[in-house]
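So the structure is just underneath, and the comments pick up after that.
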There are 2 protein chains.
Amino acid sequence: MLEKPITLPEEAGKELSELEIEAIQMFINFLKLIGLPKSVGEIYGLLFVAPKPLAMDEVMSRLNISLGAASQGLKLLRGVGAVKATYVPGDRRDHYVADLELSRFATAFIKEELHPRMERALERIRRMEQLSADMTPEQRKATMMKIERLKHWLEKGNKMLPWILKFLVR
Amino acid sequence: MLEKPITLPEEAGKELSELEIEAIQMFINFLKLIGLPKSVGEIYGLLFVAPKPLAMDEVMSRLNISLGAASQGLKLLRGVGAVKATYVPGDRRDHYVADLELSRFATAFIKEELHPRMERALERIRRMEQLSADMTPEQRKATMMKIERLKHWLEKGNKMLPWILKFLVR
DNA sequence: CAATAATTTCAATAAAAAATGAAGTCCGGA
DNA sequence: TCCGGACTTCATTTTTTATTGAAATTATTG
């Protein structure tokens, strides 16, 4: 084993720079939009402007968040491809870098939130069509019209998604 | 005043039909996506399939939600244009109908959530550019590259929005 | 204009979501 | 194989958000 670098307080706990603060706030706001918790925005924001890979405990101490939040946040970000683990020689810890391709958030959102909900909505619509079968003709007509509207809208959304994705990715 | 129709329990508190339940669950899920609370989804779902305008207390008793939730939910829905008040002769209460144009939710979301956040993000980016001024040339270069990425992405989003809106609305 | 129904508001409460940190697991190296 | 740091998990706590319902406000009508 090489020299133990003693405690090496390094920059652990160092104050956040103004740049970091701006980036972090920006990502907190954006990721909140797609339902991600503050801590995830903080982590991504910090890594986004970081000039070099950061280890989990650096993330923790810079942001003053707990071990659990750091671990779970990084896990989620890795899961959507927004953060990558990199190897740093001579250090046992994993180090993380932000993937700068912002569209990863959009694609993850579409894949994990939008798509499943659309599927379930279509199921419900099918069920509604069945249920409208035993209605008075008059009621049935009105109901079918509404259901048609719903379907139409969902289809429109579904058609738009691939287009949006193509536009966002690269 | 005409004959007082006595208590007229009418259909107040009547069980929800299966059709209503499907519609309600569908809208709970969808509206949650854009950050609206469950009660709002319930109200809109109920009104969406209702064959006639409903008064606030009907909404309350059918859904078993409180006076406050009904009032606030209807207010919000009226605010985004998703629900209209209609006049019902001989009844003092307001009656509400769902506007079937689903795109109202999308446009409200874009106008009230997305747009403001984009504006604020652009301000932050400007601030970040200023801050990067006093950095070492090397750091500055790396930072500016990242900022460019952000800008590029925001612009892309901004360009896409009108298109999406045009597509969704009618 | 009094009486009362309909609705809004908002402080208090409940419910849901996120953060914490201790206990447990998983390595990698000696 | 045993040790110790790095990380993960998850029951508990904290924070945030939504709901409730009583009081205040605003009609409506007789």
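So that the names make sense, note that chain A is the first sequence line, chain B the second, and so on, each numbered from 1. Owing to the predicted nature of the structure, the values given are computational and were not obtained by experimental measurement.
For Arg93(A) against dA6(D), a side-chain-to-base donor-acceptor contact under 3.5 Å is absent. Residue side chain Gln72(A) does not reach the base of dC7(D) through any donor-acceptor N/O pair under 3.5 Å, judged by distance alone.
For the pair Leu36(B) CG and dA16(C) C1', the interatomic distance rounds to 16 Å; values are reported in whole Å. As rounded to whole Å, 16 Å separates atom C1' of dT15(D) from atom CD1 of Ile65(A). In this structure, Met60(A) atom CE and dC7(D) atom P are separated by 11 Å, rounded to whole Å. Residue Ile43(B) contributes atom CD1, which lies 13 Å from atom C1' of dT20(D) at whole-angstrom precision. Counting to the nearest Å, the P atom of dT20(D) and the CG atom of Asn64(B) are 9 Å from each other. Rounded to an integer number of Å, the gap from CG of Leu77(A) to P of dT8(D) is 12 Å. The distance between atom CG of Asp57(B) and atom C1' of dT7(C), rounded to the nearest whole Å, is 11 Å. Across the protein-nucleic acid pair, Leu63(B) atom CG and dA18(D) atom C1' stand 15 Å apart, rounded to whole Å.
Arg127(B) CZ to Arg124(B) CZ: the interatomic distance, rounded to the nearest 0.5 Å, is 10.0 Å. Atoms CG and CD1, on Leu36(B) and Ile28(B) in that order, are 12.0 Å from each other to the nearest 0.5 Å. To the nearest 0.5 Å, atom CG of residue Leu131(A) and atom CZ of residue Arg126(A) are 13.5 Å apart.
OP1 or OP2 of dT8(D) lies within a sub-4.0 Å distance of a side-chain N or O belonging to Arg78(A). Put simply, Ser71(A) has a side-chain N or O that comes within less than 4.0 Å of OP1 or OP2 on dT8(D). For Lys75(A), a side-chain nitrogen or oxygen approaches OP1 or OP2 of dT9(D) to under 4.0 Å.
Mapping Lys38(A) and Asp94(A) onto DNA chain D via the closest heavy atom, the residue that lands nearer the 5' end is Asp94(A). Comparing Leu67(A) and Lys32(A), the nucleotide of DNA chain D nearest to each residue sits closer to the 5' end for Leu67(A). Comparing Gly35(A) and Arg92(A), the nucleotide of DNA chain C nearest to each residue sits closer to the 5' end for Gly35(A).
Annotation: Phe105(B) is not in aromatic contact with Phe30(B) [ring centroid separation under 6.0 Å not met].
Relative to the side chain of Met56(B), the nucleotides dT7(C), dG5(D), dT9(D) differ in distance, and dT7(C) lies closest. Comparing dA18(C), dT8(C), dT20(D) against the side chain of Ala69(B) picks out dT20(D) as the nearest.
Residue Leu74(B) is classed as having no contact, given no heavy-atom separation below 4.0 Å to the nucleic acid. Ser39(A) comes within 4.0 angstrom of sugar-phosphate atoms only, judged by non-hydrogen atoms across all strands, and of no base.
Ring planes of Tyr44(A) and Phe27(A): perpendicular class, angle over 60° (limits at 30 and 60°).
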